[in-house]
Every structure is written in structure tokens, then in C-alpha cells.
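Some notes on the structure that comes next.
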Amino acid sequence: MSATLQVLADSAVVAKRNLIKIKRVPDLLVFTLLSPIMFILLFAYVFGSAIDVPGDGNYREFLIPGIFAQTVIFGATITGAGLAEDMQKGIIDRFRSLPMSRMAVLVGRTGSDVVNNVLVIVVMSLTGLLVGWRIRTSVLEALGGFVVLLLFAYAVSWVFAYVGLLVPSPEVVNNASFMIIFPVTFVANTFVPSERLPGPLRSFAEWNPVSSVTQASRELFGNVPPGATVPDAWSLQHPVLYTLLWVVIILAVFIPLATRQYKRAASR
Amino acid sequence: MHTGGTDVIRATGLVKRYGQVTALAGLDLAVPEGTVLGLLGPNGAGKTTAVRILTTLLEADEGTAEVAGIDVRSNPQGVRERIGLSGQYAAVDEYLTGFENLDMIGRLYRLGRKPSRERARELLERFALSDAADRPVKTYSGGMRRRLDLAGALVAAPQVLFLDEPTTGLDPRSRTGMWEVIRELVASGTTLLLTTQYLEEADRLADDIVVIDHGRVIAHGTSDELKATVGGERVELVVRSQQDLPTAQRVLAELAVGEVQVEQGSRRLVAPVSGGAGVLVEAVRRLDAEGVDVLDVGMRRPTLDDVFLSLTGQPADPSAAAGGPDQGSAEPPPERRGPTDRGRSARRAAAATQASPPASAGSGTGRAPAAPTGAHVPNEEVVR
């Protein structure tokens with residue numbers, strides 16, 4: 001028990017350090033926030049007129065949960081870039097020479113990135129409200145929607161923690177995340193309804209956890225277009241459960257992987 | 001030199017390989033309590049690898065190491081509680097202030113909130129960083145960062161301190177400042193292992209010096225012992241005219257402690273001497289009285305390169321270790337230069353540093369601008 005407390009105390013120290021950086025380098029946060037705003041505006045006004053949603057839904061309501069999902073996943077890549085930078089600058093060496101918990105650097109890092117994502121979600125929600133997005137469910141359900149988004153992003157953070165410790169510099173993390181995240185977030189139901197996609201892409205999209213995260217937040221915010229057909233895939237029929245399954249699996253795989261890599265990485 | 005007492009750092013047969021490259025090839029070290037060991041060697045010699053193993057950042061492939069009586073491999077956390085490490089690259093967070101950096105380290109050593117803060121303020125005061133305490137480290141100079149990094153290593157008042165090239169890349173003034181700080185630490189009884197590329201640094205700070213190359217110990221002794229193996233000071237001079245050579249040789253022979261060597265073609269004479277700069281002054285005075293026209297004259301003392309030359313028969317060539325795990329600034333291959341060349345390089349060094357006298361050109365490795373220029377042990381005095 002006291003060991004767990006010790007991990008948490010050390011992690012809090014590390015998280016505080018990361019948050020001070022957000023405060024000292026506000027440009028970083030500004031750009032993290034500007035890109036989702038840009039996405040909302042682009043899709044709402046440029047593509048929105050060309051994309052039909054099933055039933056007689058409003059595309060902007062359909063769109064915003066998709067952008068939420070994409071953005072928090074991008075937010076999770078900060079974990080990788082931050083760790084790669086710390087490695088490069090030798091700060092990880094310092095941490096490793098201290099009698100602190102071995103988990104704390106990773107727990108603190110992923111923890112502070114949740115705070116970052118909360119800020120991002122707040123700004124995006126406000127932008128969404130401005131362009132016509134509305135929450136049509138209870139407060140509790142809406143909170144549930146945000147929690148699902150943050151949980152999934154937290155799991156993805158651990159994936160990128162592993163990636164960040166694997167690569168030699170933060171730039172590589174940024175390039176790698178682009179290569180991975182763009183296809184994964186676009187071949188999904190984030191921007192267009194997945195039913196319209198051709199065969200194999202459609203199957204991929206239906207079982208893609210990004211789709212289930214999006215579907216879950218659409219349901220929890222009440223943004224599923226009225227009259228939309230119930231999807232065939234089990235994953236989209238039970239999006240919350242399916243998403244949580246992914247969260248558990250990702251954490252179970254990547255927490256040990258990242259922790260092992262942390263011990264090993266600095267030994268290069 | 002040190003008898004009795006226990007060894008606070010002890011390493012036996014450390015081996016570390018990176019693929020084809022053998023960074024450590026069976027390294028043995030012993031540092032008695034309260035003493036300073038200087039680990040001396042060129043880039044790629046294995047200095048950083050040794051420090052990383054002793055500070056638990058790296059596991060050795062073979063061999064054993066104990067720090068403060070604790071086995072590095074079986075109880076790394078126990079070792080971490082008792083050591084402080086300051087690396088080659090200042091590992092401080094540049095977005096945090098100096099105070100926040102030290103406070104964070106204190107918390108991670110689990111000193112508690114209040115003691116951490118007090119310790120941070122105390123160390124900032126001691127390292128003359130109080131004025132900059134609440135500024136982000138981004139705004140610090142290189143010397144200030146190194147001092148902060150060293151302060152970070154001292155937060156928990158560790159029993160054993162490891163400093164990996166604490167002054168590499170610092171300008172002469174910051175280097176001298178760093179030496180003072182380290183000397184104070186040593187005076188208070190900390191056991192210290194220090195790595196350096198500079199014989200003079202080891203000379204000033206270390207009780208014992210271990211010279212390593214290609215991952216193994218090639219010499220061990222006090223600074224005087226090492227210099228003795230290389231040979232002592234020499235006066236080197238170049239006369240303008242061939243005809244003056246016999247006279248110059250006779251004058252130097254009166255002052256020399258050994259045979260005077262004469263190189264006819266270059267009109268160069270080398271005389272082993274003892275007694276420091278006074279001998280040089282005396283030689284110049286007598287040569288002047290004899291009417292010998294001296295083109296260039298200098299005093300030469302042993303350098304790291306001389307130690308290497310005499311120990312390995314090869315110059316300390318960093319290119320031999322290219323691709324090795326010890327990364328650092330490359331230095332041009334050292335070469336022996338005649339007094340004339342050195343006079344020229346001294347002037348170049350003077351032009352490069354402006355403020356510092358050209359006293360260190362004798363190191364012959366091309367890093368004269370960064371080399372220390374204190375008056376205590378000048379490598380060479382150039383008299384024209």
C-alpha cells in the first residue's frame with residue numbers, strides 16, 4: 001500500500017513538472033488547441049455541405065464527436081514526444097539515478113497529458129457549441145461521454161509512451177504519430193458514416209476502436225442522427241463496452257511494455 | 001597513497017560491449033572513503049560507461065561493482081539512495097526555474113515538502129544562483145547550468161558523488177569556478193569519482209588518477225607519479241642561426257638535469273630541467289648575455305598526450321574510438337609541434353579567447369581556447 005502511495009507521490013511530482021512546462025511554453029497549448037478548432041471549422045463549413053448523414057441529421061452534430069475522438073488521440077501523442085525529449089536531454093538519466101519509483105516518470109507523464117486533454121476538450125466543446133453542436137442528453141450521460149473519450153486517450157498515451165522511448169528524437173514521434181493516427185482516425189465513422197465505405201474499409205472502420213469511441217460519444221451526447229439505421233457490427237451496437245475493452249487491452253499490453261522500455265531505453 | 005580505510009567504490013573486472021565495440025574490457029577501480037579518484041582518458045575510453053554502470057544506469061555484461069558497500073546489480077535502489085550524479089550534459093529541466101529543479105529532485109529523493117524547499121534555497125545560495133533562482137533555466141549560461149546540475153547531485157547530501165566531465169565545454173572562467181566548488185565539496189569529506197579528459201583537472205582535484213584507454217586501466221597513481229613516468233619539464237628553444245647551436249647547447253647543459261638534445265636542421269634544442277619557470281628565465285638571461293639570437297623559447301610540461309604517448313606509444317587518438325558509446329566533442333588529432341608552431345598556436349589561442357593569456361597552447365590538442373589558464377601550473381610560457 002505504501003509502495004503504491006509512493007508511486008503516486010512521485011508521479012505527482014513528475015506531473016507537476018510537466019504541467020509547469022505547459023504554463024511556461026503556452027505556444028505549445030495554443031497550437032494543440034488551434035488545430036481542432038481548424039478541423040471543426042473546415043469540416044463544418046467546407047466538407048459539411050457535401051456530406052450527407054443518415055436519416056435527417058445535422059452534419060455538425062454528427063461531426064463534433066468524431067473530431068473529439070480524433071483530437072484526444074492526437075493529444076495522446078504529446079506523451080511520446082515529451083518522453084523522447086526528456087530522453088534526448090538526459091533528464092531521464094537524472095530520474096533514473098534517483099531513488100524514485102520506476103513507474104513514476106511514465107505515470108506522471110500520462111497523467112499530466114490527461115490534464116492537457118481536458119483543456120483541449122473544453123475548448124473544442126465551446127467551439128462546437130458556437131457552430132451548432134448540442135448535447136441532447138442528461139448531464140450524467142454527457143459526462144460519461146467525456147470520460148470515455150479521456151479514458152481511450154489515456155490508453156493511447158501509453159502506446160505513445162512506448163513509442164517515445166523507442167525512437168531517438170521527438171521529431172520522429174511526431175512523424176510516426178502522423179503516419180499512424182491519420183489513417184486510423186479517417187478510416188472510421190469520425191467524418192463520414194461508415195456504412196458508405198467500400199467492403200474491406202467498411203469492416204475495418206466498424207471494428208476500429210476509433211469508431212466505437214466516436215459512436216459512444218455520439219450516443220452519450222445524443223448526437224446520433226434521428227432515423228439512422230442500427231449498425232450491423234457488434235462493436236458499434238455496444239460502443240461503450242467495446243471501447244472499454246480496448247482500453248483494458250491497450251493498458252494491459254503497453255504499461256508493461258513501456259515500463260520495460262523505460263528501464264532499458266536509458267541504458268543505451 | 002591511501003592506506004587503511006574502506007573502499008567506497010569498488011569495481012572488479014567490469015566488461016561492457018555494444019555490439020562489436022567493447023566499451024569496457026575488464027575495468028578495476030577502488031576509491032577509498034573520503035578521497036577523489038580522477039578517471040582520465042580520451043573520448044571513447046569508457047569513462048562514461050564506467051560511471052553509468054556505477055550509478056545503476058547501465059548493467060555491466062561482466063564483473064561486479066559495489067558503491068557504499070552495496071552491490072550495484074542486486075540492489076540498485078539502495079545505491080541510488082546514497083549517490084549523487086552530475087553528467088556530461090547538464091540534465092536540468094530548462095522550462096523549470098533553478099529552484100523548481102532542485103525542489104523536484106528533493107521531492108523525488110523523498111526529503112519531504114519543507115526540507116526539499118529549504119535544501120533547494122540553501123544550494124542555490126551556495127552555488128551563487130540565488131539571483132537566478134526563480135528564472136527558467138532556459139535563461140541560464142552554460143556555467144550556471146552545470147552548477148545547477150551539480151547542485152542537483154548534492155540535494156540529498158550523498159555519501160558518494162560521481163561527476164562525469166564536469167567542466168567539458170565550459171569557458172576558462174566557469175571552469176575555474178567549478179573547480180573551486182568541487183574542491184570545497186572534497187574538503188568536506190565527500191568521496192568523489194571524477195572523469196575528465198584533462199590531466200590538469202585531475203591534477204588539481206584528484207588524490208589518485210586512473211588512466212584508461214579502450215576500456216581498461218593503463219596507469220594508476222598520483223599526478224606526480226604519472227608525470228614522473230612521462231618525464232619532467234623541458235626547455236625547448238629555437239635559435240636563429242645554425243652557428244649559435246654550440247653556444248646554446250653549452251648554456252642549456254649548465255641548467256639541464258639530463259642530456260641536451262640538438263636538432264641541427266630545425267635549429268632546435270630540448271633540455272630536461274627541474275625548477276619551473278625560474279630555469280627558463282635564467283636560460284633566457286644567459287643566452288642573451290652570450291649574444292645568442294633566440295627565435296622561440298618555451299617551457300614544456302607533461303600533458304595527457306605525453307602520458308598517452310609514453311604509456312601506449314600512441315597519441316590519445318579519439319578517432320580510434322569513433323562510433324563508441326562515449327560521445328563528446330571531437331578533437332583534432334594531437335600532434336607534437338615544435339616551439340615555433342606552438343608559439344603560433346598560442347597566438348591563435350590568444351586571439352580566440354582574447355582575455356586569457358596564451359599559457360595553455362602546450363597541450364597540443366587544439367583545444368587551447370577551452371583549456372584552463374590558471375597561473376598555478378601553466379603548461380608553457382612563451383617568451384619572445
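What you see is a predicted model, and the numbers here were worked out from it, not measured in a lab. Residue numbers start from 1 in every chain, and the chains themselves are labelled A, B, ... in the order their sequence lines are given, proteins ahead of strands. Hydrogens, waters and symmetry mates play no part in the numbers below; they use all other heavy atoms, side chains included.
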- Message: Let's go through B:Arg52 and A:Asp93 carefully: what are the C-alpha distance in whole Å and the side-chain angles of both, what is the deciding distance for salt bridge (charged side-chain N to carboxylate O under 4.0 Å, His left out) to 0.1 Å, and is it a yes or a no?
- Response: CA-CA 9 Å; B:Arg52 291 177 69 85; A:Asp93 273 0; 2.7 Å; yes
With the side chain counted from C-beta on, respond yes when [X] and [Y] share a heavy-atom pair under 4.5 Å apart, and no when they do not.
X: B:Arg80; Y: A:Leu98; answer: no
X: A:Asp10; Y: B:Arg110; answer: yes
X: A:Arg94; Y: B:Ile105; answer: yes
X: B:Thr56; Y: A:Arg96; answer: no

- Name the region of A:Gln88, side chain, backbone, both or neither, that has any atom closer than 4.5 Å to a heavy atom of chain B. neither
Interatomic distance, [X] atom [atom1] to [Y] atom [atom2] [nearest 0.5 angstrom]:
X: B:Gln77; Y: A:Met100; atom1: CD; atom2: CE; value: 9.5 Å
X: A:Arg17; Y: B:Asp93; atom1: CZ; atom2: CG; value: 4.0 Å
X: B:Leu57; Y: A:Ile92; atom1: CG; atom2: CD1; value: 11.5 Å

Between [X] and [Y], what is the shortest heavy-atom contact and its length?
X: B:Leu85; Y: A:Ser97; result: CD2-CB, 3.9 Å
X: B:Leu96; Y: A:Ile20; result: CD2-CG2, 3.5 Å
X: B:Ala91; Y: A:Gly90; result: CB-O, 3.2 Å

Assess whether atom [atom1] of [X] is packed by more than 12 heavy atoms of other residues, nucleotides or ligands within 6.0 Å.
X: A:Phe182; atom1: CZ; answer: yes
X: A:Lys16; atom1: NZ; answer: no
X: B:Asp131; atom1: CG; answer: no
X: B:Arg216; atom1: CZ; answer: no

- Item | Side chain, backbone, both or neither of B:Ala153 within contact of chain A (heavy atoms, under 4.5 Å) |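 Interface part for B:Ala153: both.
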- Message: Is B:Glu100 in contact with chain A via its backbone, its side chain, both, or neither, using a 4.5 Å heavy-atom distance?
- Response: side chain
- Item | Contacts of A:Ser11 that satisfy side chain to side chain contact (heavy atoms under 4.5 Å, CB included) - sequence neighbours left out |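 With neighbours one apart ignored, the set is A:Val7, A:Ala104, A:Val107.
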- Could you walk me through whether B:Glu94 and A:Lys89 pass the salt bridge (charged side-chain N to carboxylate O under 4.0 Å, His left out) check? CA-CA 10 Å; B:Glu94 56 180 7; A:Lys89 292 191 174 165; 2.7 Å; yes
- Query: Which residues, numbered in order, of residues 144-162 of chain A come under 4.5 angstrom of chain B by heavy-atom distance?
  - Reply: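 Checking residues 144-162 of chain A against chain B gives no residue, so none.
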- Answer yes or no: is there a donor N or O on one side and an acceptor on the other, between the side chain of A:Arg24 and the main chain of B:Tyr95, under 3.5 Å?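 Answer holds: yes.
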